[in-house]
Amino acid sequence: MSSLADYKTETTYKAKVILSIRVSPSKSEEVREIILEVEDPTFECKVNQSFGVLVEKEGDFGQKYHHRLYSVSDIPVRVNGKTRITLLVKRCNYVDAFNGEQYKGVSSNFLCSRKVLDEVIITGPFDLAFQLPKDKSANMILIGMGTGIAPFRAFVKHIYENVKDWKGAVRLFYGAKSGLEMLYMNEQNDDLTQYYDQATFKAFQAVTSHGQWSDTITLDATIESKAEEVLKLLNQNNTYIYVAGHEKIKENLDKAFAKILGSEEAWLVRKAELIAGQKWAEVIY
């Protein structure tokens, strides 16, 4: 897995905010959908790519930049020769494990506070771990928590609006704190639900009772509740599994898949096969 230091930041582009709307309820954690328009007409970005955001940050040794990657959450479009990219951002705060003080997430607070026409400096684009299989009969199990829905929303839209005639099964497992916070699948923003009539697409929602975006317990239970269907897909050689979300999701998913396959050993063998065949990919934060 690459670290942020592996991504080149020498080439940058200026972008301006053309839309910033809140897509989470007012009494919950703030999640915004932001659309950026890149001024340089040579900049292009695709569904299976991410881009970086550079934020000036005062460091101990003078002016520094904070670099954070974001997946596109919608199909990038060209308007008047300029690329528009959409991202999902949750305004984050964290507590320092050493001194117990609370700090604001640099990039998330910067982006969530931007107004229309404000400037943002971006890098990239960079290829995501998620690549759309060339075989239209390939199956995909997509698993996301919280804003981890972003790359999969773009993926699903691309499959059914651009690629079309997809024959493989697409199964989206998505976890959130409540029905309203099921981003892109609630009364405020429900564009993912329009694909429910597709013969190959199913989405399974998991609402946690623990009140944390990183809580994966309910999501794992939802996957296990579809054990027969998941097992059928795992037994096929053309199945891909893509995971996005908090790092806690990895351990719990291993337990869920081990239970479905009957043992930890059986899952470790199958997962190794998926990784070796480049059919397992993850974006973890």
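We number each residue from 1, following the sequence as shown. On a predicted model such as this, the values are computed, not experimentally measured, just so you know.
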Side chains of V55 and I121 in contact at under 4.5 Å (non-hydrogen atoms): no

Side-chain touch E282/Y242, heavy atoms, less than 4.5 angstrom: no

Qualifying residues under salt bridge (Lys or Arg N to Asp or Glu O under 4.0 Å), relative to D40, sequence neighbours excluded: none

Side chains of L261 and R270 in contact at under 4.5 Å (non-hydrogen atoms): yes

Donor on one side chain, acceptor on other, T239 and N139, under 3.5 Å: yes

Side-chain heavy atoms of K115 within contact of S20, under 4.5 Å: no

Shortest non-hydrogen separation from A15 to L36 and the atoms involved: CB-CB, 4.1 Å

Contact check, side chains of H66 and S107, non-hydrogen atoms, under 4.5 Å: yes

K136 atom NZ, over 12 foreign heavy atoms within 6.0 Å: yes

Between NZ on residue K90 and CG on residue L88, distance to nearest 0.5 Å: 11.5 Å

Test log, rule side chain to side chain contact (heavy atoms under 4.5 Å, CB included), inputs L87 and I35: CA-CA 7 Å; L87 63 156; I35 300 179; over 6 Å; no

Greater than 12 external heavy atoms within 6.0 Å of N80's CG: no

Side-chain donor-acceptor pair present, S108, R68, cut-off under 3.5 Å: no

Taking every non-hydrogen atom, the tightest pair across K271 and D254: NZ-OD1, 3.1 Å

Sub-4.5 Å side-chain heavy-atom contact between L54 and T123: yes

Under-4.0 Å salt bridge between K259 and E224: yes

Straight-line distance of I122 CD1 to C45 SG, nearest 0.5 Å: 7.5 Å

Residue pair V89 / Y70, side-chain heavy-atom distance below 4.5 Å: yes

Shortest non-hydrogen contact from F110 toward E119: CZ-O, 4.1 Å

Exam field: side chain N48 to backbone F130, donor-acceptor pair closer than 3.5 Å: no

I143 side, atom CD1; F204 side, atom CZ - distance, nearest 0.5 Å: 11.5 Å

Least distance between heavy atoms, A227 atom then I260 atom: O-CG2, 3.8 Å

More than 12 heavy atoms of other groups within 6.0 Å of Q278 CD: no

Rounded distance (nearest 0.5 Å) linking atom CD1 of I75 with atom OG1 of T86: 10.0 Å

Contact list for residues 12-36, test ring-ring contact (aromatic ring centres under 6.0 Å, His included), sequence neighbours left out: Y13-F43

Whether E229 side chain and K226 backbone form a donor-acceptor pair below 3.5 Å: no

CD/E264: more than 12 non-hydrogen atoms of other groups inside 6.0 Å: no

Joint cluster assignment, V31 & I21, ILVMFWY side-chain distance < 4.5 Å: yes

Separation of L253 CG from F173 CZ (nearest 0.5 Å): 10.0 Å

Transitive ILVMFWY side-chain link V163 to V77, under 4.5 Å: no

Residue pair W166, M140: steps toward the side chain to side chain contact (heavy atoms under 4.5 Å, CB included) verdict: CA-CA 11 Å; W166 193 265; M140 287 189 289; 4.0 Å; yes

Minimum heavy-atom distance between D118 and S113, given as atom pair plus value: OD2-O, 4.5 Å

Evaluation steps, side chain to side chain contact (heavy atoms under 4.5 Å, CB included), between E44 and R78: CA-CA 9 Å; E44 293 187 25; R78 299 279 287 184; 3.9 Å; yes

Residue pairs fulfilling ring-ring contact (aromatic ring centres under 6.0 Å, His included) with at least one residue in residues 258-279, sequence neighbours excluded: F257-W267, W267-W280

Working for side chain to side chain contact (heavy atoms under 4.5 Å, CB included), residues R153 and D74: CA-CA 7 Å; R153 185 244 193 157; D74 203 346; 3.6 Å; yes

Atom of T222, atom of S225 and distance for their closest heavy-atom approach: O-OG, 2.6 Å

S137 vs N238 side-chain heavy atoms within contact, under 4.5 Å: yes

Within one Ile-Leu-Val-Met-Phe-Trp-Tyr cluster: V243 and I275, side-chain cutoff 4.5 Å: yes

Under 3.5 Å donor-acceptor, K157 side chain and S73 backbone: no

Flag, side chain of N235 to backbone of L231, donor-acceptor distance under 3.5 Å: yes

Approximate separation, where rounding is to 0.5 Å, of K82 NZ and T42 OG1: 12.0 Å

Electrostatic pair E37-R84, nearest N-O below 4.0 angstrom: yes

